[in-house]
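Remarks on the structure that follows.
The sequence lines fix the lettering, A, B, ..., with proteins before strands; numbering per chain opens at 1. Since the model is a prediction, treat every value here as computed from it, not as a measurement.
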Protein chains: 2
Amino acid sequence: MTHHRLNYVEALHAHGYRVTPQRVTVLDAVCRAGGHARPAQILALAREGDLHIDRSTVYRSLEVLVKAGLVLTAPGESGIDTLYEIVQETPHHHLRCTVCGRETELDGESAARLFENLERETGYRLTGDHLMLTGVCPECQASSNNQVVE
Amino acid sequence: MTHHRLNYVEALHAHGYRVTPQRVTVLDAVCRAGGHARPAQILALAREGDLHIDRSTVYRSLEVLVKAGLVLTAPGESGIDTLYEIVQETPHHHLRCTVCGRETELDGESAARLFENLERETGYRLTGDHLMLTGVCPECQASSNNQVVE
DNA sequence: AGTCTACTTGCGACAAATCGCAGTAATCCC
DNA sequence: GGGATTACTGCGATTTGTCGCAAGTAGACT
């Protein structure tokens, strides 16, 4: 249960949100899902904790938790659906191979350097610390030359 | 009508897809939408061209067009919905300010440098040439110090 | 602790998106 | 060009996500 470490009470209050049993249940569900989770999975896990929690409540809670910075979203495989993930101490990014589908985590350090450059160029302070990059992994590059079309 | 420039026939065939009137209609709709478009808008535009095109056909066509590399997806404002955009000759990225909501385009050049570094570090060949970065723009940084919570 | 206010929840209705299936048509091959 | 093959479309049914509203409850203040 990761979320005991991050004080969700403070995070919610800081954003003007109330702490309700339902929101804690949903937060817990996202934690227990581990890694990326689809809404359906979160709904199911949430109902293990609260048998009668409503679907709309789960969706609304997710929205609140994301805004409070407790949960992250990431685009799913197809780029159409949305995945949810509990926030971690160390920011990280994802690298998905479009050929074999495998996913690698990219530590925040390499990304931080890149962000620094971008911040210098644009003047923005970048906060989106959870990118989903896509590419072709070394193994797949080696084994196939016929996938390159574009 | 941008898509006459990119030979969609070849792109579709290269990925093993057939070229159907419906898919051309949808591709055309995405073009005419210009910039980011929500599915509802695309559906409406598609029906201008083909009065009886089915909703599921539009969704399935979008999926195919994305896989064929003719259309790009981007996460919408909330991070939950998906926007579609016609592919362009010059890759570009988006920078959205989380405070004022404004969007800036980031030219491909700065990003290319960013990608180069990442490719060196990871060994991946990066293809996701359409990132949606979020941050706080210079103006909003100047005017507010009370938004920083985390 | 009790009361008040306004944010939240659950519900029902609605809209958006997905899925399986039977008929149709794009492509291949001759 | 004609026929066979198999992907694609449209349809209906289902699932998923959203919205408005009345009842409930967290948080603030006394």
Side-chain angles (χ1 to χ4, degrees), chain A residues 7-30 33 36-47 49-68 70-71 73 75-84, chain B residues 7-30 33 36-47 49-68 70-71 73 75-84:
Chain A
N7 46 1
Y8 57 89
V9 175
E10 206 172 302
L12 285 169
H13 282 175
H15 287 260
Y17 295 120
R18 292 184 181 173
V19 178
T20 68
Q22 289 88 343
R23 285 175 182 167
V24 177
T25 300
V26 173
L27 182 58
D28 198 45
V30 177
H36 292 163
R38 355 192 117 267
Q41 194 183 351
I42 294 169
L43 177 59
L45 283 170
R47 285 202 169 137
D50 176 351
L51 207 56
H52 296 299
I53 194 168
D54 194 69
R55 191 150 33 111
S56 27
T57 302
V58 172
Y59 282 108
R60 287 187 283 223
S61 296
L62 281 172
E63 197 181 336
V64 165
L65 293 171
V66 168
K67 284 189 185 151
L70 294 165
V71 169
T73 59
E77 186 104 16
S78 64
I80 295 176
D81 54 337
T82 304
L83 304 174
Y84 295 87
Chain B
N7 47 1
Y8 56 89
V9 174
E10 206 173 301
L12 284 170
H13 282 174
H15 288 260
Y17 296 120
R18 293 182 181 174
V19 178
T20 68
Q22 290 88 344
R23 285 175 182 167
V24 177
T25 301
V26 173
L27 182 59
D28 198 46
V30 177
H36 292 163
R38 350 191 122 269
Q41 193 182 352
I42 294 168
L43 178 59
L45 283 169
R47 284 199 170 140
D50 176 352
L51 207 57
H52 296 299
I53 193 168
D54 194 70
R55 182 201 298 271
S56 26
T57 302
V58 172
Y59 283 109
R60 287 188 281 223
S61 296
L62 281 172
E63 197 181 336
V64 165
L65 293 171
V66 168
K67 284 190 186 151
L70 294 165
V71 169
T73 59
E77 187 103 17
S78 64
I80 294 176
D81 55 335
T82 304
L83 305 174
Y84 295 87

- Item | Residue whose nearest DNA chain C nucleotide is more 5′ - B/Q22 or B/A40 | B/A40
- Between B/P21 and B/P39, who's closer to the 5' end of DNA chain C by nearest nucleotide? B/P39
- Message: Taking 4.0 Å as the cut-off, does a side-chain nitrogen or oxygen of A/H52 come that near to OP1 or OP2 on C/dG10?
- Response: no
- Provide, to the nearest angstrom, the distance between the CG atom belonging to B/D54 and the C1' atom belonging to C/dT24. 14 Å
- Note on the structure: Between B/T82 and B/P39 the two heavy atoms that sit nearest each other are O-CD, 3.5 Å
- Message: Distance check needed: D/dT15 P versus A/R38 CZ, whole Å only.
- Response: 17 Å
- Item | Listed nucleotide nearest any side-chain atom of A/T20, set C/dG10, D/dG27, C/dT8 | C/dT8
- Nearest heavy-atom neighbours spanning B/R55 and B/R47: N-NH2, 3.7 Å
- Query: Closest heavy-atom contact between B/R23 and B/L65?
  - Reply: O-CD1, 4.1 Å
- Could you tell me whether a side-chain N or O of B/T25 sits under 3.5 Å from a main-chain N or O of B/P21, the two making a donor and an acceptor? yes
- Item | Whole angstrom value for the distance that separates P of C/dT8 from CZ of A/R55 | 21 Å
- Closest heavy-atom pair and its distance - B/V26, B/I42: CG1-CG2, 4.4 Å
- Of the nucleotides C/dC11, D/dT16, C/dT9, which has the atom closest to the A/S61 side chain? C/dT9
- Considering non-hydrogen atoms only, spot the tightest contact between B/L83 and B/P75 and give its length. CD1-O, 4.4 Å
- Note on the structure: Picking from D/dG20, D/dC11, D/dA26, the nucleotide nearest the side-chain atoms of B/R60 would be D/dC11
- Query: Atom NE2 of B/H13 and atom P of D/dC8: how far apart are they, to the nearest Å?
  - Reply: 10 Å
- Task: Report the distance from atom CG of A/D81 to atom P of C/dA16, rounded to the nearest whole Å.
- Result: 19 Å
- Rounded off to whole Å, could you give me the CG-to-P distance for the A/D50 and C/dT9 pair? 11 Å
- Atom-pair distance (CG on B/L43; P on D/dG10), nearest Å: 12 Å
Below 3.5 Å between N/O atoms, which protein atoms pair up with nucleotides 3-7 of chain C? Just atom names and distances, please.
residue : atom : partner : partner atom : Å
C/dC7   : O4'  : A/R18   : NH2          : 3.4
C/dC7   : O2   : A/R18   : NH1          : 3.4

- Among C/dT18, C/dG10, C/dT27, find the nucleotide with the atom closest to the side chain of A/I53. C/dG10
- Selected nucleotide, minimal atom distance to A/S56 side chain, candidates D/dT9, D/dT18, C/dC19: D/dT18
- Which pair of heavy atoms, one from B/L45 and one from B/A29, lies closest together, and at what distance? CD1-O, 3.5 Å
- Item | Between P of D/dC8 and NE2 of B/H15, the distance in whole Å | 13 Å
